[in-house]
Amino acid sequence: MTNAIEKTHFAPELHIPNGTFNIDFYNKFGATEHFCLRNDDGSIHVAELEIDGAIFHLHEIMRWFEALEPVTAKGVTTVVGLFVDDVHKVFKRGISAGATEIRPVTDYEYGYRQGLFKDPFGHYWQIQKKM
């Protein structure tokens with residue numbers, strides 16, 4: 001048996017409403033689906049996706065430990081910071097896929113180029129690059 005050593009990384013879990021059947025936004029945004037486990041009714045229980053090596057999960061809400069999606073929580077539950085080479089290109093791809101612009105791509109005095117959008121489930125994505 002070989003022990004694979006993996007580099008430390010984050011894999012955020014974004015919660016989606018129970019009864020969600022369609023997560024096409026993420027594919028249109030450029031994510032590759034690794035797997036998707038569905039409930040008996042065909043709704044999504046958990047899915048693993050990746051954008052250029054950055055893994056994240058979508059999971060139906062779990063009230064037993066208060067893991068809610070933004071609409072039920074009535075606010076932002078997390079901001080996903082996605083570092084990319086071309087902020088403008090990836091930001092435009094998100095908007096074209098169905099995201100809502102929150103803050104346009106801007107170069108900031110602290111050395112970052114960043115833009116913020118909200119995906120169709122209410123999750124905030126900060127597309128960014130350190131300059």
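These values consider heavy atoms only, across backbone and side chains, with no hydrogens, waters or symmetry-generated copies.
- R113 meets the salt bridge (Lys or Arg N to Asp or Glu O under 4.0 Å) test with D107; sequence neighbours excluded.
- Through chains of ILVMFWY side-chain contacts below 4.5 Å, F35 is grouped with L37, V46.
- Between F21 and R38 the shortest heavy-atom distance is O-NH1, 3.5 Å.
- In the hydrophobic clustering of this structure, V76 groups with L116; members are Ile, Leu, Val, Met, Phe, Trp, Tyr whose side-chain heavy atoms approach within less than 4.5 Å, directly or through other members.
- Expressed to the nearest 0.5 Å, how far CZ of F25 lies from CG of D119 amounts to 5.0 Å.
- Between N22 and D24, the shortest heavy-atom distance links the atoms OD1-N, 2.6 Å.
- Annotation: side-chain hydrogen bond (donor to acceptor under 3.5 Å, both in side chains) contacts involving residues 68-81, sequence neighbours excluded, comprise E69-T72.
- Annotation: the span from K129 atom NZ to Q114 atom CD amounts to 13.5 Å, rounded to 0.5 Å.
- Put simply, the side chain of L14 reaches to within 4.5 Å of the side chain of W125, judged on heavy atoms.
- Judged by distance alone, the side chain of N39 and the main-chain N or O of D41 form no donor-acceptor pair under 3.5 Å.
- Using a 4.5 Å cut-off on side-chain heavy atoms (C-beta onward), P70 and F121 make no contact.
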Donor-acceptor list for residues 84-100 side chains, cut-off 3.5 Å, not counting sequence neighbours:
unit_1: D86; atom_1: OD1; unit_2: H88; atom_2: N; d: 3.3
unit_1: D86; atom_1: OD1; unit_2: K89; atom_2: N; d: 3.0
unit_1: R93; atom_1: NE; unit_2: F29; atom_2: O; d: 2.6
unit_1: R93; atom_1: NH2; unit_2: F29; atom_2: O; d: 3.3
unit_1: S96; atom_1: OG; unit_2: K92; atom_2: O; d: 3.0

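- Listed for the N18 side chain is a donor-acceptor partner under 3.5 Å among the backbone atoms of I61.
- If you chain together ILVMFWY residues whose side-chain heavy atoms come under 4.5 Å of each other, Y110 ends up grouped with F83, Y108, Y112.
- With contacts defined as side-chain heavy-atom distances shorter than 4.5 Å, the pair I44/C36 qualifies.
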Donor-acceptor contacts, no H, no angles, side chain residues 50-59, under 3.5 Å, sequence neighbours left out:
unit_1: E50; atom_1: OE1; unit_2: H34; atom_2: NE2; d: 2.6
unit_1: E50; atom_1: OE2; unit_2: G53; atom_2: N; d: 3.0
unit_1: H57; atom_1: NE2; unit_2: E48; atom_2: OE1; d: 2.8

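- In this structure, the side chains of V80 and Y124 stay at 4.5 Å or more apart for every pair of heavy atoms.
- The shortest side-chain heavy-atom distance between E13 and H15 falls under the 4.5 Å cut-off.
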